[in-house]
Amino acid sequence: MQVATWNVNSVRARLPRLLDWLERRKPDVVMLQETKCLAEACPWEPIQDAGYQCVHFGQTTYNGVAILARRRIEDVRRGMQGGDSPDEERRVIAATVEDLLLINVYVINGQEVGAPRYFDKLAFLSELRGWIRKHFDFREKIVLAGDFNITFDDRDVHDPKAWHEKILCSTPERHALEEVTSLGFHDAFRKFHKDGGHYTWWDFRTNGFKRGQGLRIDHLLMSEPALQSCEKVEIDLEARDGEKPSDHAPVIATLA
DNA sequence: ATGGTTGCGTAGCAA
C-alpha cells in the first residue's frame, strides 16, 4: 500500500502533471492540498477514469484538501467543525481506507513571524491537536499527512542561518508541530533518512529548485502501528521538475 | 535586493 501527500497548488492547473504522476507511481492513496476550487469545478472525471475515488473539501481560490484512493473511501469527515460553517477555511479532511485512518491537513502558512496569520497558524495547530486527540485512537494505524508549512529542525533547511527564526522555521512553530506529534505520531521520513538535504518545497520566486534551495515542510506522520508497517518513504523529485510543476514535491510511503 | 513567480480571476491576495 502506497500512501502519498502532495500540495498540488491548484488541481486544475496541475491536472496533466497529476495524471502523469498517478500513472507513473500508481499510489493507492493520495492526500492533496491546495486544490483551489469548489467540488463542481474540480476535474474529478479524468482522475476517476485513472482509477481513483475522490473525496474533497474545497473552496474557490484558496486552500482545499482532497483524498484520492484506488480502494473504497469511508467515514469521510470534512473540517474540524463539521464542514458546514461557511467561513471555515477548508484545510482538513479525514477518511478511512481499509485499516488506515487518514488525516489530510493544509496548515496555514503564517506569512511571517509575528503577523496575524502567524498566530492563526499556531492556533490552528493547537485546534488540530485537540481535534485529533478527541477523535482518533492511537492503537489504530493513523497517517496524518499534508503541508504543515513547518520544518522539524535545521536538517530540513537548505540554509539554516538565513532561515533562523524565520517563518516555517521559528521555534514556536516547531514547538506547535511537536505538540501535535507528541500525541503519538512519528515523522515517517526520519525512520529511513537521518541526514539533511531532503526537501519538499522550493520557492518559485527565487528559482529555488534549480538552485537546491528547499525546505522539508510536507510530512507523513504516523501512529506507532502505522510506522511499524512502513517500509519506505521517499520524496518524488521528478514531480517537481519539468513543465508547470507545483512548488511542492510529493512524499510517498510504502506500508506493508 | 522587503525583490522574485505562480494561481486565481481579472485586482490584488496568498503563498
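Below, chains carry the letters A, B, ... as their sequence lines are ordered, and counting in each starts from 1. Hydrogens, waters and symmetry mates play no part in the numbers below; they use all other heavy atoms, side chains included.
- B:dT2 and B:dG7 have their P atoms separated by 25 Å, given to the nearest Å.
- Look at CD1 on A:Ile108: it is 15 Å from C1' on B:dC13, rounded to the nearest Å.
- No salt bridge links A:Arg174 with A:Asp153; every basic N to acidic carboxylate O contact stays at or beyond 4.0 Å.
- The distance between atom OH of A:Tyr118 and atom P of B:dA14, rounded to the nearest whole Å, is 18 Å.
- Aromatic ring centres of A:Phe189 and A:His219 lie farther apart than the 6.0 Å criterion allows.
- Across all strands, A:Arg91 comes closer than 4.0 Å only to sugar-phosphate atoms, never to a base (heavy-atom distances).
- Both tests hold for A:Arg77 against A:Phe136: distance to the six-membered ring centre under 6.0 Å, angle to the ring axis within 45°.
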Assign a letter to each nucleotide of nucleotides 4-12 of chain B from its 5' end: B, base within under 4.0 Å of a protein heavy atom; S, sugar-phosphate only; -, no contact. BBSSSS---
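- Pairs passing the side-chain hydrogen bond (donor to acceptor under 3.5 Å, both in side chains) check and including a residue from residues 37-55 of chain A, sequence neighbours excluded, read A:Tyr52-A:Arg70.
- For the pair A:Val76 and A:Ile93, the minimum side-chain heavy-atom distance is below 4.5 Å.
- When heavy atoms are screened at a 4.0 angstrom cut-off, A:Tyr106 is found touching the sugar-phosphate backbone but no base atom.
- One can place CD of A:Gln111 at 9 Å from C1' of B:dC13, the figure rounded to the nearest angstrom.
- Across B:dG9 and B:dA14, the matching P atoms stand 14 Å from one another, rounded to whole Å.
- With sequence neighbours excluded, the residues forming a side chain to side chain contact (heavy atoms under 4.5 Å, CB included) with A:Asp241 are A:Phe209, A:Lys210, listed by chain and number.
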